[in-house]
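Working notes, beginning with the structure itself.
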Amino acid sequence: MKVVLGIYLIICLKGLFTPTLCDASISTHDIQLKLHNTYVFTLDFKNQSTADEIVTLEVQHKDILKLNRSEFNVSDYVNTVLPVQVTAVGAGHSDIYANSTTNKTDLRDIYLRVTVFKNDGLNTFSSVIGWIYFVAWSISFYPQIYINWKRKSVVGLNFDFIALNIVGFCLYSLFNLGLFYIPEIKDEYSHRYPRGLNPVKTNDIVFSVHAACATLLTIIQCSLYERNEQRVSTTARTILGIFGVFILISIIISAAGVIHWLDFLYYCSYVKLTITLIKYVPQAYMNYKRKSTIGWSIGNIFLDFTGGMLSMLQMIVDSYNYDDWVSIFGDPTKFGLGLFSVAFDIFFIIQHYVLYRHSNYETDYK
Ligand SMILES: *[C@@H]1O[C@H](CO)[C@@H](O)[C@H](O)[C@H]1NC(C)=O
Ligand SMILES: *[C@@H]1O[C@H](CO)[C@@H](O)[C@H](O)[C@H]1NC(C)=O
Ligand SMILES: *[C@@H]1O[C@H](CO)[C@@H](O)[C@H](O)[C@H]1NC(C)=O
Ligand SMILES: *[C@@H]1O[C@H](CO)[C@@H](O)[C@H](O)[C@H]1NC(C)=O
Ligand SMILES: *[C@@H]1O[C@H](CO)[C@@H](O)[C@H](O)[C@H]1NC(C)=O
């Protein structure tokens with residue numbers, strides 16, 4: 001699919017801000033529509049001599065959307081606004097784009113991404129869930145910071161976990177900031193996926209930058225408070241060293257122009273995904289060695305668990321509401337990652353309340 005979209009080589013994203021650059025423009029690029037409802041958008045053809053050009057509006061999934069008209073003789077509509085009505089006949093995602101018999105008119109700005117949902121209540125429910133897990137994940141850093149401060153000690157908090165976390169969140173912030181703010185990277189993204197939605201939202205930026213800062217604060221605590229013999233293990237240093245070499249090579253080949261900086265950001269995000277998969281292992285192992293979870297905040301785990309469960313719930317609600325099980329369960333990364341961290345959280349909860357519960361009661365917080 002993306003290969004097909006990729007044929008639109010020159011991007012017209014600038015048309016969003018300076019519509020006059022394109023010969024034709026559309027009133028909106030994104031709409032959400034309830035099933036069986038209609039929406040009217042408008043097309044605007046600029047003055048030009050393109051007689052004999054018929055523009056066709058193509059609907060990607062005809063079982064989702066219907067248009068009340070789809071063929072226009074451009075010369076009939078030059079410098080007039082043309083209303084077109086779209087009706088949602090099925091739930092799901094579908095694009096509308098334009099095609100022309102002669103390709104004389106620049107039609108790259110004429111595309112519309114439509115999401116048809118079945119139920120208003122579920123739509124609201126889904127965005128409420130989204131906000132709750134954003135908040136749960138964001139505050140999940142503070143119980144640990146609090147108990148470090150209260151004990152004036154970081155004994156029991158694994159330094160490998162912290163080291164992996166800071167690298168992971170810095171790379172994730174880099175990915176988000178790059179895709180959201182750097183025009184060259186945004187241009188490259190829409191060049192590759194002309195009608196693709198930027199995957200980074202403001203939420204993601206706030207979450208990742210905040211997470212990196214909160215982890216930094218934890219590191220400062222590690223340098224100030226009692227820590228006994230704890231240090232970042234050789235294994236973790238080796239793994240981080242390998243990531244470092246990988247990132248360095250990516251930077252060099254991006255700077256040399258072999259790959260685009262967008263690819264570099266994707267490589268950063270792959271490293272972050274790998275870190276997410278391994279970061280809890282050292283802490284779980286350390287709890288096992290100490291036969292105790294003292295110093296490791298269970299509040300953090302409960303918040304992480306809440307966030308993970310809600311994010312999966314949101315995916316399931318959206319799949320039902322958009323009648324789109326394939327794009328969510330067909331792409332195992334997001335759901336799999338959620339499931340994976342929830343499984344780890346459950347393991348930590350068992351360590352804390354079942355396996356090492358006695359040692360926790362005896363020593364308690366100092
Ligand atoms: C439209 O284009 C024609 C020639 O291409 C020109 O003569 C005419 O003045 C233009 N009208 C406007 C409103 O720009
Ligand atoms: C488009 O409209 C113009 C002017 O009305 C006309 O001359 C031309 O033949 C039409 N083209 C087609 C393909 O119908
Ligand atoms: C399509 O719908 C729009 C908006 O309701 C209306 O202005 C237009 O005349 C309709 N076109 C046709 C061919 O029915
Ligand atoms: C555009 O229309 C032409 C014929 O007018 C057709 O051959 C081509 O497949 C269409 N392209 C798309 C992407 O629909
Ligand atoms: C117009 O461009 C589209 C997309 O690039 C292409 O599929 C189509 O075949 C072209 N049509 C003509 C008549 O050149």
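Whatever order the structure lists ligands and atoms in, that order sets their numbers, starting from 1.
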Asp263 and Arg192: CA distance, side-chain angles, deciding distance, salt bridge (charged side-chain N to carboxylate O under 4.0 Å, His left out) verdict: CA-CA 11 Å; Asp263 298 303; Arg192 288 188 198 180; 3.0 Å; yes

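- When heavy-atom distances to ligand 2 are checked against a 4.0 Å cut-off, Ile54 comes that close only through its side chain, counted from C-beta outward.
- A salt bridge links Asp30 with Arg113: the closest approach of a Lys/Arg side-chain nitrogen to an acidic carboxylate oxygen falls below 4.0 angstrom.
- Atoms of ligand 3 found under 4.0 Å from any heavy atom of Val40 (numbered from 1 in listed order, with element): 4 (C), 5 (O).
- With values rounded to the nearest 0.5 angstrom, Leu65 atom CG is found 12.0 Å from Thr38 atom OG1.
- Counting atoms of ligand 2 from 1 in the listed order, those under 4.0 Å from a heavy atom of Asn73 are 1 (C), 2 (O), 3 (C), 8 (C), 10 (C), 11 (N), 12 (C), 14 (O).
- For Lys279 and Phe161, the positive end is not near the middle of the six-membered ring at less than 6.0 Å and at most 45° from its axis.
- In this structure, atom 11 (N) of ligand 3 has a protein heavy-atom contact shorter than 4.0 Å.
- Around atom OH of Tyr225, more than 12 heavy atoms belonging to other residues, nucleotides or ligands sit under 6.0 Å away.
- Residue, atom and distance of the protein heavy atom nearest to atom 14 (O) of ligand 3 are Asn68 ND2, 3.4 Å.
- The single protein non-hydrogen atom nearest to atom 7 (O) of ligand 3 is Pro83 CG, 3.4 Å, given as residue, atom name and distance.
- Residue Arg69 has no N or O atom closer than 3.5 Å to an N or O atom of ligand 3.
- No more than 12 heavy atoms of other residues, nucleotides or ligands shown are found within 6.0 angstrom of OH on Tyr320.
- Contacts with ligand 2 closer than 4.0 Å are made by side-chain heavy atoms of Asp76 only, the backbone lying farther away.
- Aromatic pair Phe175/Tyr266: centroids less than 6.0 angstrom apart.
- Among all protein heavy atoms, the one lying closest to atom 5 (O) of ligand 3 is Gln85 OE1, 3.3 Å.
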